[in-house]
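First up is the structure itself, then whatever we jot down about it.
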Amino acid sequence: MSDQASRLRNLVEEQAEEDARAREIGELYFDVAEDTRVIAVTSGKGGVGKTCLAVNLAVALQLSGQRVMLIDADIGMANVNLLMGSVTNRSLIDLLNDEVELQDVVEDGVEGVKYISGVAAIEAALNLNRNEQRKLHKKLGRCSELANIIIIDTGAGLNRNVIEFILASEEVLLITTPEPTALADAYAVIKAYSTYTERRNIKLVVNRIHEEEECEDVAEKINQTTKKFLGLSVDCLGYIYEDKAVLDAVHRQEPFIIANEKSPASRCVTELAKSLLSGERMNSVSRGWRGFLDRLFGY
Ligand SMILES: Nc1ncnc2c1ncn2[C@@H]1O[C@H](COP(=O)(O)OP(=O)(O)OP(=O)(O)O)[C@@H](O)[C@H]1O
Ligand SMILES: [Mg+2]
């Protein structure tokens, strides 16, 4: 065996021993089945409505009796903050500080939705050393005590962070508008995703449509391409109408589902929440939030 190969093998063995020790002293979680649903909201093209969907869906689910947590994992923009009506002082990365506990970074948002700002932290989190990762993994593990549905607003596109998040998530909502460029970018996400995993847990949400048929049309166009080039198809969870109430609510820094609960967009999001709750979970192998963290941190 070459020197390099044996060094690598030693490293892997050392890491396995270290992880086993950490499990014994309760620093690392064992793989446990648990019920917390982890749903990532993502898109290929930017600006298609991820944050609006993530925030309003979180509120809709909370209003229907779920305990929801929203994590803003979009590195570029802190807009979940704005829509939830307050500004966080702390983010995920502060958990590395020994004095900071999970409850210190969790904010109470609209209707009691819990949220964590991850802005600028996630990128750093993926480059942490093993000890720091372990600390974050352990403290974040307790999120599942606070919520039974965790929604993650990811950034757009195909950068490493977004891919890591959607690969780790049990369920993925891929949002697109009917514009051809948004469709092409949505296809690119499905393609990238399918090269990394066999799991089929992406559902489409078509935003800014003017009539119901547009949604079917978009799903058909995407599926024609995915079937032809990737040999798979993607289900559509639902749609959201183009609605002036969305922009009005953004200006008022309020979720539209609260500002104007009868607006077409609000009714659509309520339907999406119902479909999520009544339909089958997109992935049968559920390991909940801790499964998500294990995958994200590579355990
Ligand atoms: N259904 C809709 N009807 C009307 N306007 C909408 C709708 N959905 C989104 N918008 C508009 O699009 C804007 C962008 O939405 P949002 O911030 O949710 O996109 P995003 O995908 O999170 O963007 P980014 O990629 O920058 O994070 C909103 O501020 C709103 O003005
Ligand atoms: Mg956004």
Side-chain angles (χ1 to χ4, degrees), residues 39-60 70-85 87-88 91-92 109-110 113 115-123 151-163 165-166 169 172-179 181-189 202-215 218 236-273:
I39 303 172
V41 177
T42 195
S43 71
K45 190 168 186 281
V48 295
K50 288 178 297 300
T51 303
C52 284
L53 174 65
V55 167
N56 287 280
L57 186 63
V59 176
L70 183 58
I71 298 183
D72 182 4
D74 187 350
I75 292 152
M77 312 258 171
N79 36 14
V80 166
N81 258 337
L82 292 178
L83 290 177
M84 290 304 279
V87 177
T88 42
S91 87
L92 270 180
V110 176
V113 171
Y115 77 105
I116 302 183
S117 158
V119 187
I122 309 293
E123 198 153 30
I151 295 180
I152 302 172
D153 180 11
T154 76
L158 289 173
N159 70 52
R160 176 175 159 222
N161 301 302
V162 176
I163 294 282
F165 269 99
I166 65 177
S169 294
V172 180
L173 297 183
L174 176 60
I175 183 159
T176 181
T177 60
E179 281 176 277
T181 49
L183 294 192
D185 291 353
Y187 168 73
V189 171
I202 294 190
K203 282 196 179 169
L204 287 175
V205 174
V206 187
N207 189 19
R208 309 194 75 158
I209 62 166
H210 296 88
E211 49 200 43
E212 218 175 317
E213 292 72 45
E214 252 180 300
C215 175
V218 164
C236 186
L237 185 74
Y239 53 83
I240 305 172
Y241 281 114
E242 170 73 32
D243 187 349
K244 193 175 154 299
V246 175
L247 190 56
D248 290 348
V250 169
H251 285 318
R252 290 160 60 174
Q253 299 188 358
E254 243 187 315
F256 54 81
I257 201 150
I258 297 291
N260 191 343
E261 63 183 297
K262 298 222 158 50
S263 71
S266 298
R267 289 202 305 256
C268 290
V269 172
T270 304
E271 280 307 309
L272 286 169

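Counting starts at 1 for both ligands and their atoms, following the listed order. Note that the structure is a prediction, hence the values are computed from the model and not measured. Note: hydrogens, waters and symmetry copies are ignored here, and every other heavy atom, side chains too, is used.
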*Does an N or O from Thr51, backbone or side chain, lie closer than 3.5 Å to an N or O of ligand 1?*
yes
*How about Ile202 and Leu174: do any of their side-chain heavy atoms sit closer than 4.5 Å?*
yes
_Asp153 side chain to Thr51 side chain, donor-acceptor N/O pair below 3.5 angstrom_ = yes
*Of the non-hydrogen atoms in Gly238 and Cys215, which two are nearest, and what is the gap between them?*
O-SG, 4.1 Å
*Taking Asp243 for the side chain and Ala265 for the main chain, is one N or O donor matched with an acceptor at less than 3.5 Å?*
yes
*asked:* List ligand 1 atoms under 4.0 Å from Tyr241, heavy atoms only on the residue side.
replied: 1 (N), 2 (C), 3 (N)
*Any idea which part of Asn207 is under 4.0 Å from ligand 1, heavy-atom wise: side chain, backbone, both or neither?*
side chain
_Just verifying a value: how many Å separate Ile71 CD1 and Ile39 CD1, rounded to the nearest 0.5 Å?_
12.5 Å
*Side chains of Leu57 and Leu173: closer than 4.5 Å at any heavy-atom pair?*
yes
_Sole residue of Val206, Ile209, Leu272 in side-chain contact (heavy atoms from CB on, under 4.5 Å) with Ile240_ = Leu272
*Is the shortest N/O to N/O distance between Asp243 and ligand 1 below 3.5 Å?*
yes
_Ion pair Arg252/Asp248, N-O distance below 4.0 Å_ = no
_Option nearest atom 10 (N) of ligand 1 (shortest heavy-atom distance, choices His251, Lys244, Arg208)_ = Arg208
*Which of the atoms of ligand 1 are close to Gly46, meaning less than 4.0 Å from one of its heavy atoms?*
25 (O)
*asked:* Tell me whether ligand 1 is touched by Gly47 - counting only heavy atoms on the residue side and a distance under 4.0 Å.
replied: yes
*Looking only at heavy atoms, what is the nearest atom pair of Val48 and Ser43, with distance?*
CG2-CB, 3.4 Å
*asked:* So for ligand 1, is Leu247 a polar contact partner (N or O within less than 3.5 Å, distance only)?
replied: no
*Kindly confirm or rule out an N or O of Ile240 lying under 3.5 angstrom from an N or O of ligand 1.*
no
*Consider every N or O of Ser43 and every N or O of ligand 1, then say whether any pair is closer than 3.5 Å.*
no
_Heavy atoms only, cut-off 4.0 Å: how does Ala265 contact ligand 1, side chain, backbone, both, or neither?_
neither
_Numbering as shown, the atoms of ligand 1 that approach Val250 to under 4.0 Å (heavy-atom distance)_ = 29 (O)
*Atoms of ligand 1 close to Gly49 [distance to a heavy atom under 4.0 angstrom, numbered from 1]*: 15 (O), 16 (P), 18 (O), 19 (O), 20 (P), 21 (O)
_For atom 2 (C) of ligand 1, the option (of Val246, Thr177, Ile175, Val41) bearing the nearest heavy atom_ = Val246
